[in-house]
Amino acid sequence: MHAPFGARSYDPAVTNHPLLSSRVIRSDEVADAQRDGVPVVALESTVYSNLGLPTPENERALGECIDAIRESGAVPCVTAVLDGTLRAGLAESEYERILGEAKKAAERDLAVAVGQGWAVGATTVSASLAIAAAAGVSVFATGGIGGVHRGVETSGDISADLSAIGRYGIATISAGIKSFLDLGRSLELLETLGVTVVGWQTSDLPSFTARRSGFPVPHRVDSLDVLTAIVRSRLEFAQGMLIANPVPEEFALDQKVHDDALAQALVDAEASGVTGAAVTPFVLGRIVDASGGASVEANVALVANNARLAGQLAAQLSSSN
Ligand code: PSU
Ligand code: MN
């Protein structure tokens with residue numbers, strides 16, 4: 001097997017998921033890239049489906065992410081469930097399948113998606129990490145990760161993203177944690193789970209469509225060389241980490257627009273009685289509506305910005321091997 005991280009290489013497919021790894025189907029492009037030592041970046045699929053972004057901005061977001069990864073010399077590896085198969089990397093003709101309505105697939109749902117033969121399962125961060133680990137991909141980009149929900153005391157709602165980031169030896173790049181969550185508790189849980197968290201060129205934890213949250217990140221990193229060294233250390237021990245990358249300044253959502261839209265979205269979520277896996281898509285959708293669509297532009301920009309940094313990191317990891 002190709003050993004991208006030097007003599008201490010490990011095989012996450014074997015370490016983490018002996019069964020899953022034999023089931024994950026890599027695209028020809030991803031398999032060729034791994035054979036030839038070309039860097040690969042995994043992308044989730046929930047954010048590009050209508051669970052994450054409306055049409056047609058979802059297609060633009062996916063296109064921008066793929067372009068950003070290719071520009072850095074890496075190969076994109078979109079994860080998804082298609083016709084009951086776990087996929088790491090899609091063919092060009094398959095992208096449209098994840099761009100519409102899809103069933104949300106978190107890590108725990110993958111076995112069911114396979115068993116029931118789901119036509120299109122949009123993989124969340126946790127499911128995407130499981131598939132990426134099985135496929136031997138070590139760098140992953142998303143929009144904003146899930147976390148501990150506000151009101152967790154009564155709902156108990158904590159995204160499976162957090163524990164998956166802790167369990168898989170993959171570097172996750174996100175625009176921090178989604179702003180409608182409890183950021184303080186999410187950071188505490190990441191600490192408990194032993195997840196290394198760094199802010200990319202920021203000392204303040206980004207909160208999705210905003211560059212700041214008021215919560216300090218445990219560590220700030222400003223250079224790609226240092227980031228690469230930290231990631232390599234984590235990967236050598238098959239441990240995950242979170243790289244929090246703020247939305248580009250020019251696309252950050254106006255604070256007042258955000259705060260008003262969020263307040264409205266949270267009221268609507270409470271009133272609708274929505275629970276479980278439906279909460280995040282519901283709140284995201286209400287923020288889109290309540291901000292008059294302004295949050296969509298920020299969301300597209302931040303996910304593409306994360307894909308760009310992921311591409312640069314993956315390229316640097318394989319070049320300074
Ligand atoms: N980032 C975005 N939009 C999204 C998501 C992330 O910009 O829709 C998705 C990811 O797939 C993440 C999921 O894993 O939201 C979190 O869902 P939950 O809170 O139910 O775990
Ligand atoms: Mn949840």
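Counting starts at 1 for both ligands and their atoms, following the listed order. Everything numeric in this text was worked out from a predicted model, so none of it was measured.
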Next on the checklist: Can you report which non-hydrogen protein atom sits closest to atom 6 (C) of ligand 1, along with the distance?
Outcome noted: Gly144 O, 3.1 Å
Checklist entry - Does a side-chain heavy-atom distance below 4.5 Å link Thr209 with Ile287? => result no
Item to check | Exercise: identify the closest heavy-atom pair between Thr202 and Ala244 | outcome: CG2-O, 4.1 Å
Checklist outcome for this item: Closest heavy-atom pair, Ile177 versus Gly146, reported as atoms and distance to 0.1 Å, is CG2-O, 4.5 Å
Checklist entry - Short list, please: which atoms of ligand 1 are under 4.0 Å from a heavy atom of Gly52? => result 8 (O)
Checklist outcome for this item: atom 15 (O) of ligand 1 sits nearest the protein heavy atom Lys178 NZ, 3.0 Å
Checklist entry - Taking all non-hydrogen atoms of both residues, which atom of Glu44 and which atom of Val78 are closest, and how far apart? => result O-CG1, 4.0 Å
Checklist entry - Which ligand 1 atoms does His149 reach within 4.0 Å, using its non-hydrogen atoms? => result 19 (O)
Checklist entry - Should the pair Asp259-Lys256 be classified as a salt bridge under the 4.0 Å nitrogen-to-oxygen rule? => result no
Checklist entry - atom 11 (O) of ligand 1: which protein heavy atom is closest, and how many Å away? => result Glu44 OE1, 2.7 Å
Next on the checklist: Walk me through whether Leu309 and Asn305 qualify under side chain to side chain contact (heavy atoms under 4.5 Å, CB included).
Outcome noted: CA-CA 6 Å; Leu309 180 58; Asn305 191 48; over 6 Å; no
Next on the checklist: So for Asn299, does at least one of its heavy atoms come nearer than 4.0 angstrom to any atom of ligand 1?
Outcome noted: yes
Item to check | Among Thr172, Thr46, Asp161, closest by any non-hydrogen atom to atom 12 (C) of ligand 1 | outcome: Asp161
Item to check | Interfacing atoms of ligand 1 (cut-off 4.0 Å, heavy-atom, Phe208) | outcome: 2 (C), 7 (O)
Next on the checklist: Looking at every heavy atom in both Gln201 and Asp222, which two are closest together, and how far apart are they?
Outcome noted: NE2-O, 3.1 Å
Checklist outcome for this item: What one should report as the nearest heavy-atom pair of Gly144 and Leu302 is N-CD1, 4.3 Å
Checklist entry - Could an N or O of ligand 1 be found under 3.5 Å from any N or O of Val125, whether backbone or side chain? => result yes
Next on the checklist: Using every non-hydrogen atom in the two residues, find where Val195 and Leu242 come nearest and quote the distance to one decimal.
Outcome noted: CG1-N, 3.9 Å
Item to check | Atoms of ligand 1 close to Thr124 [distance to a heavy atom under 4.0 angstrom, numbered from 1] | outcome: 11 (O), 14 (O)
Checklist entry - Of all the atoms in ligand 1, which lie at a distance below 4.0 Å from a heavy atom belonging to Lys104? => result 17 (O), 18 (P), 20 (O)
Checklist entry - So between Leu284, Thr280, Leu51, whose heavy atom ends up nearest atom 19 (O) of ligand 1? => result Thr280
Checklist outcome for this item: To the Mn ion (ligand 2), the closest N, O or S atom belonging to Asp157 is OD1
Item to check | Residues Ser128, Thr142; criterion side chain to side chain contact (heavy atoms under 4.5 Å, CB included); working and verdict | outcome: CA-CA 10 Å; Ser128 301; Thr142 179; over 6 Å; no
Checklist entry - Charged N to carboxylate O under 4.0 angstrom, Arg70 versus Asp67? => result no
Item to check | Heteroatom distance test (Val47, ligand 1): nitrogen or oxygen, under 3.5 angstrom | outcome: no
Checklist entry - What do we get for Thr142 next to ligand 1 when only non-hydrogen atoms under 4.0 Å count, side chain, backbone, both or neither? => result side chain
Item to check | Polar atom proximity, Ser126 to ligand 1 (N or O, under 3.5 Å) | outcome: no
Item to check | Close N or O approach (Ser159, ligand 1; < 3.5 Å) | outcome: yes
